[in-house]
Amino acid sequence: MERWRSRQERLGNAPGDDLPQALSTEGPHGPVVHAANRAARLAGVSLGARVVDMRPLCPALGVEPADPAGDLRAMQRLALWARRWCPWTVAEADGLVLDTTGSDHLHGGERAMLAEIEGRLGALGFSARPAAAPTRGAAWAFARFGGTRPVSHAGADLHPLPVAALRLGEETVLLLNRLGLKTVGDLAALPRLSLARRFARAEPAENPLIRLDQAMGRLPEPLAPPDAPPVFRADLRLAEPMLDPAPALPGLSEDLCARLAAEGMGARRIRLTVWRSDGETRAIAAATAAPSRDPRHLAHLFRDRLERLDPGFGFDQVTLEATVTEPLAAAQRGLGGRVDEGVELARLIDRLAVRFGPRALGRLEPRASHIPERAEARVAPAAGPLPAIPLAPDRPLRLLDPAEEVRVVYAVPEGPPAQFVWRRQTHRVARWQGPERIAPEWWHDRPGTRLRDYFRIEDERGRRFWMYREGLHGDGRGGDPRWFLHGIFA
């Protein structure tokens, strides 16, 4: 529900907290409630119930389709994020499982760690009920049916909880309740033989005895976290300290690119680290405009920057790693041996960025605006095809930023200038064309912004300018109109 609400807030469609809201999924007999906010739960809306059955209880209930697949992907990303507390994390449909054995003391103990987890998830916009217990099943039960305090023994503390705390399905829970088994303690007090006979053919996830033994710690339930993303790294350990890493770069690049090629990946960020003999480390990083696994190109990115590394009295280990990677499929060369222009452009961008810095490079990208200075923006260079920027034949390629104000002698009140002074030079107008009226963008500009009338002007020496008059006489938005020179024609 929090993920859906955050997405609606970004779109500006989030309902108020006092309005009941639910998310639905398709059930065997129509849509069922998948999640509900606090207002809906207080109104009697229960999870798993049919939406048509909840409408009479809460006529104002708003229902939107749920996205279980998207929720699971978000939970899997959170599982990787949660590895800051322990390396063993698993995402489930409705929560995270962390095996903190041997790592809770690094965070001040279990109680402090639970408070930190709840606080960090709250900062991300997620509500949480963390709980710690000796077993996975007990932690699941206490997080949903008990308190959020750490529990050192799962046995007696589980007895007051309902049988649903054993991760059983609705039908199994309903059957146990009909048999008079309402709590975990009631189930644990029964003879095991009678229960084993009754649930002999049940699936392990629906067998109360198996779930009870897992929660009590009598049956192991190991955690199987997903594999971590592969680490693309090449190391070179030296027998004697050295001062210059340049001789090691080609071999490290070859090794790193071989590892990238084996996984079908390309490097976007790479880092060269030297491990000095005095225990200190020094590193320099480089970026690529497109995924690359060309060893010569990657090594070339560090060629003019190695002097920035302070080797001290020498280093005995060099590491080259790809810190950010992207998928890169193998490309077949053309029969004519023609070089891919996109690859060459990406390498040129990388070399220029290393030489002059990434902020020195840019390209123009079109924007949806009819105001000349807003019609394009300078963005970071890209290796792909450049976007087509429409060029009007009656507008200059070069614009002044910002437009410069000029003094104008009028020929007629609403017509073109007869003479103007720009940068202390007087220009007499020989020819002109216009005006081209451009109105303000009311959704961006402040109230009272004046319109512009653009003129293409040629002076007596043949120089051509693009000028505009800001405002009109008597438009009620200021005093006399002002003139600005905005562009120069080639």
| request: Tell me, with the steps shown, if Asp213 and Arg192 meet salt bridge (Lys or Arg N to Asp or Glu O under 4.0 Å). | output: CA-CA 11 Å; Asp213 290 342; Arg192 295 180 62 89; 2.8 Å; yes

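- A distance of 10.0 Å separates CG in Leu80 from CG in Leu96, rounded to the nearest 0.5 Å.
- At a threshold of 4.5 Å between non-hydrogen side-chain atoms, the residues Ile210 and Phe199 do not count as touching.
- Leu260 has its side chain out of reach of Leu328: every pair of non-hydrogen atoms, C-beta onward, lies at least 4.5 Å apart.
- Other residues, nucleotides and ligands contribute only 12 or fewer heavy atoms inside 6.0 Å of the CZ atom of Arg296.
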| task | Given side chain to side chain contact (heavy atoms under 4.5 Å, CB included), test Leu187 with Arg211 step by step and report yes or no. | result | CA-CA 11 Å; Leu187 186 65; Arg211 286 304 196 186; over 6 Å; no

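- The salt bridge (charged side-chain N to carboxylate O under 4.0 Å, His left out) contacts involving residues 282-291 comprise Glu280-Arg282, where partners must be two or more places apart or lie in separate chains.
- Across every non-hydrogen atom of Leu209 and Ala196, the tightest pair is CD1-N, 3.6 Å.
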| task | List the steps and the verdict of side chain to side chain contact (heavy atoms under 4.5 Å, CB included) for Val173 and Leu166. | result | CA-CA 9 Å; Val173 171; Leu166 294 178; over 6 Å; no

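- Here the CG-OG1 distance, from Leu98 to Thr100, works out to 7.0 Å after rounding to the nearest 0.5 Å.
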| request: May I have the step-by-step check of side chain to side chain donor-acceptor pair (under 3.5 Å) for Asp294 and Ser292, ending in yes or no? | output: CA-CA 6 Å; Asp294 183 356; Ser292 174; 5.7 Å; no

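- Considering every non-hydrogen atom in both Pro372 and Leu399, the closest pair reads O-CD1, 4.1 Å.
- When atom types are taken as modelled, the side chain of Arg268 and the backbone of Thr288 share a donor-acceptor pair closer than 3.5 angstrom.
- Note that OG1 of Thr449 and NE2 of His444 are 12.0 Å apart. Values are rounded to the nearest 0.5 Å.
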| request: Just do the salt bridge (Lys or Arg N to Asp or Glu O under 4.0 Å) check on Arg271 and Glu321 with the steps written out, would you? | output: CA-CA 5 Å; Arg271 180 171 59 206; Glu321 58 183 330; 2.7 Å; yes

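- Atom OG1 of Thr323 sits about 12.0 Å away from atom CZ of Arg233, to the nearest 0.5 Å.
- A donor-acceptor pair is defined here as one N or O able to donate and one able to accept, closer than 3.5 Å; such a pair exists between the side chain of Arg305 and the backbone of Ala285.
- Side chains of Trp422 and Glu404: a donor on one and an acceptor on the other come within 3.5 Å.
- Checked by atom type, the side-chain pair Gln76/Arg73 shows no donor-acceptor distance below 3.5 Å.
- Asp235 and Thr319 are linked by a side-chain donor-acceptor pair at a separation below 3.5 angstrom, with hydrogens and angles left out of the test.
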| query | Taking it one step at a time, do Val318 and Trp275 satisfy side chain to side chain contact (heavy atoms under 4.5 Å, CB included)? | reply | CA-CA 6 Å; Val318 190; Trp275 306 76; over 6 Å; no

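- Shown here is Glu307, whose CD atom has more than 12 heavy atoms of other residues, nucleotides or ligands within 6.0 Å.
- Taking 4.5 Å as the limit, every side-chain heavy atom of Ile488 sits out of range of all side-chain heavy atoms of Trp466.
- Between the side chain of Ser253 and the backbone N or O of Leu298 there is no donor-acceptor pair closer than 3.5 Å.
- The residues Arg423 and Glu405 are annotated as not salt-bridged, no charged nitrogen and carboxylate oxygen being separated by less than 4.0 angstrom.
- Using a 4.5 Å heavy-atom cutoff, the side chains of Thr172 and Val163 are not in contact.
- Here the side chain of Ser24 pairs no donor or acceptor atom with the backbone of Val63 at under 3.5 angstrom.
- At distances below 3.5 Å, at least one donor-acceptor pair connects side-chain atoms of Asn37 with backbone N or O atoms of Leu19.
- Around atom CZ of Arg374, more than 12 heavy atoms belonging to other residues, nucleotides or ligands sit under 6.0 Å away.
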| request: List the steps and the verdict of side chain to side chain contact (heavy atoms under 4.5 Å, CB included) for Leu243 and Phe313. | output: CA-CA 7 Å; Leu243 300 176; Phe313 295 101; over 6 Å; no

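- Closest non-hydrogen pair, Pro208 versus Leu176, comes out as CG-CD1, 4.1 Å.
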| said: Could you walk me through whether Glu373 and Arg452 satisfy the salt bridge (Lys or Arg N to Asp or Glu O under 4.0 Å) test, starting with their C-alpha distance in whole Å, then the side-chain angles of each, then the deciding distance to 0.1 Å, before giving a yes or no? | reply: CA-CA 13 Å; Glu373 61 268 24; Arg452 301 177 183 178; 2.8 Å; yes

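- Closest approach of Leu168 and Ala205 over heavy atoms only: CD2-O, 3.9 Å.
- In this structure, the separation between CZ on Arg3 and CG on Leu23 is 10.0 Å, given to the nearest 0.5 Å.
- The heavy-atom pair separating Leu47 from Ala35 by the smallest distance is CD2-CA, 3.7 Å.
- Ser369 and Glu441 share a side-chain donor-acceptor pair at under 3.5 Å.
- Listed by chain and residue number, nothing satisfies the ring pair (Phe, Tyr, Trp, His ring centres under 6.0 Å) test with Phe315 (two or more places apart in sequence, or in another chain).
- Ring-plane geometry between Trp443 and His370 is classed as perpendicular, the angle between the planes exceeding 60 degrees on a 0 to 90 degree scale with a lower cut at 30.
- By the 4.0 Å N-to-carboxylate-O rule, Asp316 lies too far from Arg276 to be salt-bridged with it.
- Between Thr135 and Glu221, the closest side-chain pair of non-hydrogen atoms is not below 4.5 Å.
- Once rounded to the nearest 0.5 Å, the distance linking CG of Leu78 with OG1 of Thr89 reads 10.0 Å.
- Two residues are said to be in side-chain contact when any heavy atoms from C-beta on lie closer than 4.5 Å; Leu272 and Leu249 meet this criterion.
- A donor-acceptor pair is defined here as one N or O able to donate and one able to accept, closer than 3.5 Å; such a pair exists between the side chain of Thr183 and the backbone of Asp186.
- Residues Ala22 and Met1 come closest through the heavy atom pair CA-CE, 4.1 Å.
- Proximity of Leu306 to Ile284: side-chain heavy atoms (C-beta onward) are separated by under 4.5 Å at one or more points.
- Here the side chain of Arg41 pairs a donor or acceptor atom with the backbone of Ala36 at under 3.5 angstrom.
- Applying the salt bridge (charged side-chain N to carboxylate O under 4.0 Å, His left out) rule to pairs touching residues 238-261 yields Asp255-Arg259, sequence neighbours excluded.
- Relative ring orientation between Phe145 and Trp140 is described as tilted, the plane-to-plane angle lying within the 30° to 60° band.
- One N or O on the side chain of Arg293 and one on the backbone of Met265 form a donor-acceptor pair closer than 3.5 Å.
- A salt bridge is absent between Asp67 and Arg7; no separation between the charged side-chain nitrogens and carboxylate oxygens falls under 4.0 Å.
- Within the 4.5 Å cutoff, no side-chain heavy atoms of Leu114 are placed close to those of Glu118.
- With Gln21 contributing its side chain and Gly62 its backbone, the two residues share a donor-acceptor pair below 3.5 Å.
- Remark: Arg218 CZ is packed, more than 12 non-hydrogen atoms of other residues, nucleotides or ligands lying under 6.0 Å away.
- Using modelled atom types, no side-chain atom of Arg167 and backbone atom of Ala164 make a donor-acceptor pair closer than 3.5 Å.
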